[in-house]
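Chain naming here is simple, since letters A, B, ... match the order of the sequence lines and numbering starts at 1 in each.
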Amino acid sequence: MNIRTRFAPSPTGQVHIGNIRTAIYNWLYARHTGGKFLLRLEDTDRDRSTPESVQEIFDSMEWLGLSFDEEPVYQSKRLAAHMEAAEYLLSCGAAFKEDKGGRGQGEVVVFRMPGKDVGFDDIIRGPMRKSGKDLPDFVIVRSDGSPVFHLANVVDDIHMNVTHIIRGDDHIENTFRHIALYRALGSKPPEFAHLPMIVNEHGKPYSKRDGAAFVGDFREKGFIPEALLNYLVLLGWSPGDDREILSREEMIGLFELSRVQSAAAQMDFRKLAWMNGEYLRKLSVETVAEKCRNVLKARGLWDQSIQEGYYLRVIELMRERMKVFTDIHDSGAFFFTEDYPFDEKAVRKRLGKDGAMEKLKAVRDRFAALEDFDERSTEVELREVADEFNANAGEFIHPVRVAVSGLPGGPGLFEMLEALGKERVIRRIDRALDRFETLKSPDEL
RNA sequence: GUCCCCAUCGUCUAGUGGCCUAGGACAUCGGGUUUUCAUCCCGAAAACACGGGUUCGACUCCCGUUGGGGACGCCA
């Protein structure tokens, strides 16, 4: 069989993470079976559908590498076919006109359910059945003459020769009606596979109110598309063994609809971050550098005068501990500006201690006297000072780190100092000495 | 309310009657490496919702209970 799947979003806003996962599974299944993956824009809601949203869908799919086959179908252009189908159903008695009165004006077309039980074998859930008495007739054409979702959906899927409908399980109920429609239209119903939903930490459907609900959010936050794809694929499906980091080719090769989970899944952002870090560390320094540059530009930290050599060195130092590209800003801003923030707790703990300022001053003076200011010399020097004070190197290292970076952690201190350069390091220590001089008790911050 | 669906560690999952004293990953905690953070290595704690069956034997099959979700539109 020539397998054809489709992703049928309605372009009414940003692309939701749950929707894109549906797209991913459709795409995977088509690619796995050597079939076609189609796209249909269900843009019949004229009030809410926008060209921007359509673009948003294209962008999101491209970003994640979800390539589709054939020309996308715009449902709004299929009106004639929908009406033709309605006429046909009317003509053969499978539908009838009715004036429902009340709020509506004029007649609607109602589809006559056969009154028999309807069942199907869901690829993921197994056998499904619904009693005929629980399947009432339903409207397929509104009184204003426009087709209702059920009609348009089925007619278009028939038109596109969709063989496997993979969609959210909130459509299970619709499926019984759709199957009746297929049959009335003289078409063999396709296979169905209903995916569980993605829920929030309260077990409720994951909605826009939960934050980071859209593909664009992850893109902005500096996630790597392959990592997000990998994470999402595993949210509801597993290859059956312990593999987790999967390349595009691997997931395509391994994907099976029958292995999709039937229970709802919850996003775990920490695991996503971990996975992103795994992918990030596999990228070349140059690639990371470019992505980080975009972040820095977007956040106003990029300066044309930044030397390429310096910049690449910084990326080298930072990328080991980065999880997402925006970390270059969140924990590396001090490499790019003198106006870097100080972590309160770190200042209190490392500079607020008795004697900390004296030690910092001592190191500062020794650093200032250094001819060659590099990783090696600064380390030798600092350790010497520590010996003279009869103290642990840590009592000097920490204050220097906080003074120079404002942070409790970061790259190895001495390589960081070398990258920053003597002049900047001395200046920063001086400023810290001045600024935190009066720091006597922890409350004074 | 009616109908449908779901149920393994905190989270994502492996498990299709004996291989399970239930495996992996993230997160957590402890230890090692690192003068710090991260990486890395080692280790710990952590789950079959409950009750009945079926069976020589149930996480696995059946029924019920509970809990959760979904659908009941001239929305999609």
Problem - Inter-nucleotide C1' distance (rC72(B), rC59(B)), Å rounded - result: 34 Å
Practice task
Name the nucleic acid region contacted by R319(A), choosing base, sugar-phosphate or nothing; use a 4.0 angstrom heavy-atom cut-off, strictly under.
Solution key: nothing
Practice task
Determine the contact category for H150(A): base if any of its heavy atoms lies under 4.0 Å from a base atom, sugar-phosphate if only primed atoms, P, OP1 or OP2 are that close, otherwise nothing.
Solution key: base
Handout entry: Rounded distance in Å between the C1' positions of rC48(B) and rA14(B)
Key = 13 Å
Practice task
Record whether the side chain of S262(A) comes under 3.5 Å of the base of rC6(B) through a donor-acceptor pair of N or O atoms.
Solution key: no
Handout entry: Contact under 4.0 Å: S238(A) side-chain N or O vs rA14(B) OP1/OP2
Key = yes
Practice task
Return no unless some side-chain N or O of Q261(A) is found under 4.0 Å from OP1 or OP2 of rA14(B).
Solution key: yes
Exercise for the section: Name the nucleic acid region contacted by M322(A), choosing base, sugar-phosphate or nothing; use a 4.0 angstrom heavy-atom cut-off, strictly under. Expected result: nothing
Practice task
Using a cut-off of strictly less than 4.0 Å, decide whether R259(A) has a side-chain nitrogen or oxygen near OP1 or OP2 of rG15(B).
Solution key: yes
Problem - Pairing partner of rG64(B) (Watson-Crick or G-U wobble, both distances under 3.5 Å) - result: rC50(B)
Fill in the blank from the handout: Of S49(A), S53(A), S10(A), S76(A), the one forming a side chain to side chain donor-acceptor pair (under 3.5 Å) with D43(A) is S76(A)
Exercise for the section: Between rC9(B) and rG15(B), how far apart are the P atoms? Round to whole Å, please. Expected result: 16 Å
Practice task
For E395(A), answer base if it contacts any base atom (sugar-phosphate contacts may also be present), sugar-phosphate if it contacts only those atoms, and nothing otherwise; contact means non-hydrogen atoms under 4.0 Å.
Solution key: nothing
Practice task
With heavy atoms under 4.0 Å as the rule, sort N153(A) into base, sugar-phosphate or nothing.
Solution key: nothing
Handout entry: Rounded distance in Å between the C1' positions of rC12(B) and rG18(B)
Key = 28 Å
Practice task
Would you tell me whether H194(A) and R125(A) have side-chain atoms, one donor and one acceptor, within less than 3.5 Å of each other?
Solution key: no
Exercise for the section: Rounded to whole angstrom, note down the P distance from rC3(B) over to rU11(B). Expected result: 30 Å
Practice task
Classify the nucleic acid contact of V108(A) as base, sugar-phosphate or nothing, counting any heavy atom under 4.0 Å across all strands shown.
Solution key: base
Exercise for the section: Please step through salt bridge (charged side-chain N to carboxylate O under 4.0 Å, His left out) for the pair E244(A) and K271(A), ending with a clear verdict. Expected result: CA-CA 11 Å; E244(A) 296 215 288; K271(A) 182 156 185 175; 3.2 Å; yes
Fill in the blank from the handout: RNA chain B nearest-nucleotide lookup for M197(A) and F176(A): closer to the 5′ end is F176(A)
Problem - Base versus backbone protein contacts along nucleotides 24-36 of chain B [heavy-atom cut-off under 4.0 Å; B, S, -] - result: BBBS-------BB
